[in-house]
Amino acid sequence: MVEVTVAAWISHAPCLTPNSFHSISNGKSRNKTTKVVPTSTKAWKIRTAVAASSCSSSVFGSFNQTVGGQVLRERECLGKYKKEGKGKKRVFFLDVNPLCYAGNKPSLQSFGHWVSLFFSQVCLTDPVIAVFDGDNCNELRRRLLPSYKAHRRKFFPQSTISKKYVRGQVGRSQKLIIDVLRKCNVPVLKVEGNEADDVVATLVEQVLERGYHVVIASPDKDFKQLISENVQIVMPLVELKRWSFYTLKHYTAQYNCDPQSDLSLRCIMGDEVDGVPGIQHLVPGFGRRTALKLLKKHGSLENLLNAASVRTVGRQYAQEALTKYADYLRRNYEVLALRRDVDVHLQEEWLLERDTSNDANVLSNFFRLLEETNKSTRESRSNFSNG
């Protein structure tokens, strides 16, 4: 099931009772209904870095780019951005979940900080499509590999606080985030059983088919496999407190290989963060240098495995590993590769220019609510300790 919240300024659809999400069938029938919810907000002084929406090209002065770990100067950053984005309209995908954490802790303040900078300094009036992880989004990959992102279950602590209570808190926070995005005229997608990465990967291809340039706003390294001449990433740099564009040229300079080869390398070496074990756990002598050498020669994991099945491609330990553990490596590829077959369909209204007139008021109210909530929490704790 696809759940979607659509911005209030889309006026051609029938009006329905407002909810955080409106469900849309994603089966063979593609008849969809969009809800329209009027916005009503009050202004308040924003206490974080959010600028007026009618920004000029000077907004690029507040973030830099990195190449091979080096930060580019402001002018160089702006020049590269203009050159690489010239001639095509942009569509942004906002990967929401990672922005809602400060380290390993859920944080609405973190979301507010990054989305305010994103709206005022990065996407401006370009269309934005926000995507959440769907319910049970990891189950498909966990059936292939039980260890996949298993450590993330720790965020539901096994303590006196019940899982039901924790999920309730997360649900309320998510509704608040969705409300902010909706009022800022951003459609929000959540596809049951699918990770946001796969939804984005599927929609990226549909957007490219329409001749747009794609920018993915996310710190997730998995999106690097989508980088091309027409697909960029803009990443939040926590240490610099700003967004940074990351392109194919930056990728090549940093890794000295193409994105497809990098995905193949991760399948061989594993991904500790996502709980995907590498081949070195089975063959300790098969290291990164060996993997890079073989992939540079053969181009991709599948080409390498096919070659190893009919002839010798390397030293004996590498040859034996590639033939004996071919299924192991192909499973890693299936787990780590982003899917492009999610049953979700791009809507033309998602590609319209974003109305930014609500941004300042909506974000002001959001930060004021956070401040009032934090104040109330501090007072409650103080009264409890004094009682």
Side-chain angles (χ1 to χ4, degrees), residues 5-11 18 20 35-63 74 78 81 89-100 102 107-132 172-189 215 217-218 234-238 240-245 349-376:
T5 292
V6 186
W9 60 280
I10 299 173
S11 60
S20 295
K35 69 174 184 179
V36 179
V37 183
T39 59
S40 176
T41 55
K42 297 181 179 179
W44 184 71
K45 184 177 179 181
I46 299 178
R47 296 177 180 270
T48 190
V50 56
S53 299
S54 55
C55 297
S56 65
S57 60
S58 63
V59 298
F60 295 98
S62 59
F63 60 86
E74 176 184 336
L78 180 56
Y81 171 79
K89 293 183 178 180
R90 301 180 302 174
V91 174
F92 283 85
F93 286 93
L94 183 64
D95 183 20
V96 181
N97 291 85
L99 304 181
C100 302
S107 171
L108 288 174
Q109 287 85 353
S110 174
F111 166 79
H113 169 76
W114 289 115
V115 82
S116 64
L117 291 177
F118 178 71
F119 285 156
S120 65
Q121 300 177 351
V122 182
C123 68
L124 308 180
T125 61
D126 288 328
V128 179
I129 302 171
V131 185
F132 280 86
R172 285 189 286 274
S173 296
Q174 190 174 95
K175 288 181 179 180
L176 181 59
I177 291 168
I178 291 168
D179 187 57
V180 169
L181 293 170
R182 175 179 56 78
K183 289 178 179 178
C184 289
N185 298 309
V186 175
V188 180
L189 301 180
V215 184
S218 175
V234 60
M235 302 180 293
L237 300 182
V238 176
L240 298 178
K241 298 181 180 179
R242 63 188 61 162
W243 289 89
S244 173
F245 278 92
E349 58 264 32
W350 300 348
L351 303 177
L352 298 176
E353 183 176 283
R354 190 176 71 87
D355 181 355
T356 64
S357 60
N358 290 336
D359 289 5
N361 287 344
V362 172
L363 290 168
S364 294
N365 288 338
F366 177 74
F367 288 117
R368 180 172 62 181
L369 175 62
L370 293 186
E371 185 173 290
E372 291 174 350
T373 301
N374 290 337
K375 181 179 179 181
S376 176

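In this chain, residues are counted from 1 in sequence order. Given the structure is predicted, the values throughout are model-derived calculations rather than measurements.
- Taking CG from Asp359 and CZ from Arg354, the interatomic distance works out to 4.0 Å, rounded to the nearest 0.5 Å.
- Leu176 places none of its side-chain heavy atoms less than 4.5 Å from the side chain of Phe111.
- Taking the six-membered ring for Trp and thresholds of 30 and 60 degrees, Phe118 and Trp243 have ring planes inclined between 30 and 60 degrees apart.
- For Asp179, the side-chain hydrogen bond (donor to acceptor under 3.5 Å, both in side chains) partners are Arg182, Lys183, not counting sequence neighbours.
- Between atom CG of residue Asp95 and atom SG of residue Cys100 there is a gap of 9.5 Å, rounded to the nearest 0.5 Å.
- Each of Val131, Leu99, Val186 was scored for a side chain to side chain contact (heavy atoms under 4.5 Å, CB included) with Leu94, with one residue passing: Leu99.
- Each of Ile129, Asp126, Val215 was compared with Val91 under the side chain to side chain contact (heavy atoms under 4.5 Å, CB included) criterion, and only Ile129 meets it.
- Distance check, rounded to the nearest 0.5 Å: CZ of Phe92 to CZ of Phe119 gives 11.0 Å.
- By the 4.5 Å heavy-atom criterion applied to side chains, Leu363 and Val115 are counted as neighbours.
- The distance from atom CD1 of Ile178 to atom CD of Gln174, rounded to the nearest 0.5 Å, is 4.5 Å.
- Rounding to the nearest 0.5 Å gives a distance of 9.0 Å between CH2 of Trp114 and NZ of Lys241.
- Heavy-atom minimum distance, Gly112 versus Phe366: CA-CE2, 3.6 Å.
- Minimum interatomic distance between Thr125 and Thr356 (heavy atoms only, all atoms of both residues): CG2-CG2, 3.8 Å.
- Contact of the Leu181 side chain with the Val96 side chain is registered, since non-hydrogen atoms from C-beta on lie closer than 4.5 Å.
- A donor-acceptor pair under 3.5 Å is absent between the side-chain atoms of Arg242 and the main chain of Leu237, judged by distance alone.
- To the nearest 0.5 Å, atoms CD1 (Ile177) and CG (Leu108) are separated by 5.0 Å.
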